[in-house]
Amino acid sequence: MQRPETRDFVRQIVAQDVARGAFDGRVVTRFPPEPNGYLHIGHAKALHLNFSIAREFGGRCHLRMDDTNPVTEEVEFIEAIKRDVKWLGYDWGEHFYHASDYFEQMYCFAEALITKGKAYVCQLPPEVWKEYRGVPEKPGKESPFRNRPPAESLDLFRRMRAGQFPNGAMVLRAKIDMSSPNLHLRDPVLYRILHAEHPHAGKKWCIYPTYDFAHCLEDSIEGITHSFCTLEFEVHRPLYDWILDQLGIHHPKQIEFARLNLSYTVMSKRQLNRLVEEGKVKSWDDPRLPTIAGLRRRGVPPEAIRSFCDLIGVTKVNGLTDIALLEHAIRDHLNRRAPRAMAVINPLRLVIENYPEADEESFQAVNNPEDPSAGTRPVPFSRELFIERDDFRIEPPPKYHRLAPGREVRLRYACLVTCTGFERDPDRGEITTVYCRYDPRSRGGSAPDGRKVKGTIHWVSARHAVPAVFNLYERLFTVADPADRAKHEGRDITDFLNPQSLRVVRGVVEPSLGAPPPLSRWQFERLGYFCADPETRPGAPVFNRTVTLRDSWSRRERKLSADPGPLAAGISPW
RNA sequence: UGCCCGAUGGUGUAACGGCAGCACACGGCCCUUUGGAGGCCAGGGUCCAGGUUCGAAUCCUGGUCGGGCAGCCA
């Protein structure tokens, strides 16, 4: 027997269904966001699951606005959601729907249920209904309206629709089992009165179906075969099944999977909303947020989000995914695709003493070593350059391969230089200029005699430099699980905000980057991946740092400073 | 304390009664005109206790721990 193909449990179920000819072998899925907020990377997981499975099994995936609650939903979100889904690379084709377009059908199904004696209009006030429902440990109490004749319920329900009653006066409830250990089966509400204008349906309705009643019907009407949702809906499944069974209509299979939790961020709509409302971040597309809009502005490619979704898999285990995995997916894609350029985010002036003041020349730089077809570009060079402040030390620590008095390094693509001295500000002690002499025979950066030059640093010609603003982003929170910590320690998520999550610095970029297209993605050599902010302007570019490069030197330095080692500790066994 | 779901290296996952594998992270080495990328190596895991079986991560029982459910939200 052949070793079974590795598939997640969802795909296994779908494959089995297809194999045994369930749903005529068809696969139809759907992504049903409620248009009351922006999509985030957790939604991307659901999106990816639905669209990928549809594609893999030759089916289709619908995009559906689950707009059954007019008081929280807005048209603004509908367009934002469509834009984000499209940007992520998913195509719903013709299949864009609104749950509200099915309101008339849902209403008819509700009447059918009433007629069959499976639903009734209940006039218990909300507080009393809550009491009657009871608690999980004990059976609930039946509503006095439970056994009212179907004809009476039907009349009342029609008058509800006609607008004869105020909000909350009565509801339509399913007649199931008030003693069920599953609260959702204790005669759940199917319709409520809401005198509110609907963003899509307008003023047509004043009664609206609840999620439980609407969702299974939406799925059924659209011919969905597999309805994926998150774990918290597991206890709703018996109700989903009950409604469809009573009505005897097409019955999709609901399958629950674990939602995504990402370390060092928060994912709930409520928490994200707070961060925006309270100004902890600037907007819904703030690059520190895990929203799709935020990730896009941060410079995260959609391909990286999709491959991340493949990496995390699908299970029923509620865990916490390390954001390092997302960062890996981002670097992996950008390393192959992002053109390289040179930028200096913390400039230090470097003067090449033996390079004539009046001269300048340009060197050919490789655009992408991972992709020869990306070609090369000329980079201007002159006597005065900017280098990274981190790339010079007066007293270099062990294994430091960069510039220091007397040390030789390679200026990337240009030449070899040896440090001859430096100058400091007499008052502040800050280093202002580093002096070097270059080896004229090392044009392009190769050592003429084959001598080993271990360090290579990046640079920008001062005369040609374009000033640029860099938004350096770090993790939004200082703890891996801010939401859990807040919940269990009675604290607030804002207690864990990283004050360093955004640092704005001014530096320079090489002239080829003077007017980058908004949202274009680059690797600044030795620094990281950056994305031109939408607000970048020609001659005044603004870049958002997507993610740093992996940096084994800074890791080493951090380790050394954190752990002084046995010698520094001064401990000797004898 | 009712019901439902879950538990495999630090993290995310695979193995569907037959050699516990992969990825990320972490550590070491090689290579390098990005301390990037790439290559190589190493460490580290089946929640616990019983049972069934020639054989259990997998099946059964009990426990422990974690999550969900008491909106006219979704």
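A, B, ... follow the sequence lines: proteins, then strands. Residue 1 opens every chain. Quick caveat, the model's predicted, so the values are computed rather than measured.
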I'd like a table of atom pairs between the protein and nucleotides 36-39 of chain B - only N or O on both sides, under 3.5 Å - with the distance next to each one.
residue	atom	partner	partner atom	Å
B/rG36	OP1	A/Ser552	OG	3.2
B/rG36	N2	A/Glu370	OE2	3.0
B/rA37	OP1	A/Arg550	NH1	3.2
B/rA37	OP2	A/Arg550	NH1	3.3
B/rA37	O2'	A/Asn335	ND2	3.3
B/rA37	O2'	A/Glu370	OE1	3.4
B/rA37	O2'	A/Glu370	OE2	3.0

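- B/rU8 and B/rA15: their C1' atoms are spaced 10 Å apart (whole Å).
- Taking the C1' atoms as reference points, B/rG39 lies 44 Å from B/rC5, given to the whole Å.
- Checked against the 6.0 Å centroid threshold, A/Phe213 and A/Tyr191 count as a close aromatic pair.
- Separating the C1' atom of B/rU46 from that of B/rC22 is a span of 16 Å, rounded to the nearest Å.
- No contact: A/Lys138 has no heavy atom under 4.0 Å from any strand.
- When heavy atoms are screened at a 4.0 angstrom cut-off, A/Leu320 is found touching the sugar-phosphate backbone but no base atom.
- Nucleotides B/rA70 and B/rU52 place their P atoms 43 Å apart, quoted to the nearest Å.
- Annotation: cation-pi geometry satisfied between A/Arg161 and A/Tyr107 (NZ/CZ under 6.0 angstrom from ring centroid, within 45° of ring axis).
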Q.
Evaluate A/Glu218 against A/Tyr102 for side chain to side chain donor-acceptor pair (under 3.5 Å), listing each step before the verdict.
A. CA-CA 7 Å; A/Glu218 296 160 21; A/Tyr102 311 139; over 6 Å; no
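- Residue-level contact check: A/His328 touches the backbone only, with heavy atoms under 4.0 Å from sugar-phosphate atoms and none from bases.
- For the pair A/Ser446 and A/Leu325, both in contact range of RNA chain B, the more 5′-proximal nearest nucleotide belongs to A/Leu325.
- Nucleotides of RNA chain B nearest to A/His401 and A/Asp322 differ in position, and the one nearer the 5' end is that of A/Asp322.
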**Q.** A/Asp551 vs A/Ser554, side chain to side chain donor-acceptor pair (under 3.5 Å): CA-CA, chis, key distance, verdict
**A.** CA-CA 6 Å; A/Asp551 184 352; A/Ser554 78; 3.3 Å; yes
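- Following rounding to the nearest Å, A/Arg11 (CZ) and B/rA14 (P) show an atom-to-atom distance of 11 Å.
- In this structure, the NZ atom of A/Lys45 is 6 Å from the P atom of B/rU13, given to the nearest Å.
- Base engagement by A/Tyr400 is indicated by at least one non-hydrogen atom pair under 4.0 Å involving a base atom.
- Annotated as syn: B/rG71, whose glycosidic dihedral is within 90° of 0.
- Computed from coordinates, the A/Leu311 CG to B/rA25 C1' distance equals 13 Å when rounded to whole Å.
- For B/rG44, there is no paired nucleotide, since no Watson-Crick or G-U wobble pair has both relevant distances below 3.5 Å.
- Residue A/Asp310 contributes atom CG, which lies 13 Å from atom P of B/rA14 at whole-angstrom precision.
- Cation-pi geometry between A/Arg475 and A/Tyr264 is satisfied (NZ or CZ under 6.0 Å from the ring centre, within 45° of the ring normal).
- Using Watson-Crick or G-U wobble geometry with both donor-acceptor distances under 3.5 Å, B/rG21 finds its partner in B/rU13.
- Taking the P atoms as reference points, B/rC31 lies 45 Å from B/rG18, given to the whole Å.
- Salt-bridge annotation for A/Asp177 and A/Arg186: absent, with no side-chain N of the basic residue lying under 4.0 Å from a carboxylate O of the acidic one.
- Salt bridge annotation for A/Asp371-A/Arg337: absent, with no cationic side-chain nitrogen under 4.0 angstrom from a carboxylate oxygen.
- Spacing of P atoms, B/rG45 relative to B/rC3, comes out at 36 Å, to the nearest Å.
- The existence of a salt bridge linking A/Arg259 and A/Glu232 is confirmed by a sub-4.0 Å separation between a basic side-chain nitrogen and an acidic carboxylate oxygen.
- Here the side chains of A/Leu348 and A/Glu388 are not in contact, with every heavy-atom distance at 4.5 Å or above.
- Comparing the P positions of B/rC72 and B/rG66 gives an interatomic distance of 29 Å, to the nearest angstrom.
- Rounded to whole angstrom, the span from the CD atom of A/Glu510 across to the P atom of B/rU34 amounts to 16 Å.
- Paired with A/Phe233 under the rule ring pair (Phe, Tyr, Trp, His ring centres under 6.0 Å), one option of A/Phe228, A/Tyr240, A/Tyr211 passes, and it is A/Tyr211.
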Q. How does each nucleotide of nucleotides 63-74 of chain B score, in 5' to 3' order, for protein heavy atoms under 4.0 Å: base (B), sugar-phosphate only (S), or none (-)?
A. ----SBSBSBSB
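- In this structure, the NE2 atom of A/His458 is 18 Å from the P atom of B/rU33, given to the nearest Å.
- Taking the C1' atom of each, B/rA56 and B/rC16 are spaced 12 Å apart, rounded to whole Å.
- Using modelled atom types, one finds a donor on one side chain and an acceptor on the other under 3.5 Å when comparing A/Thr72 with A/Glu34.
- B/rC3 is paired with B/rG68 under the Watson-Crick or G-U wobble criterion, all donor-acceptor distances under 3.5 Å.
- A donor-acceptor pair under 3.5 Å links the side-chain atoms of A/Arg410 to the main chain of A/Gly445, judged by distance alone.
- One interatomic measurement links the two molecules: CZ of A/Arg451 to P of B/rU33, which rounds to 14 Å at whole-angstrom precision.
- A/Asp391 and A/Arg526 are joined by a salt bridge, as a carboxylate oxygen and a charged side-chain nitrogen come within less than 4.0 angstrom of each other.
- Between A/Arg7 and A/Glu56 there is no salt bridge, since none of the side-chain N atoms of the basic residue sits less than 4.0 Å from a carboxylate O of the acidic one.
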What are the atom names and distances for every N/O pair under 3.5 Å that joins the protein to nucleotides 29-31 of chain B?
none

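- One can place CG of A/Asp391 at 13 Å from P of B/rU34, the figure rounded to the nearest angstrom.
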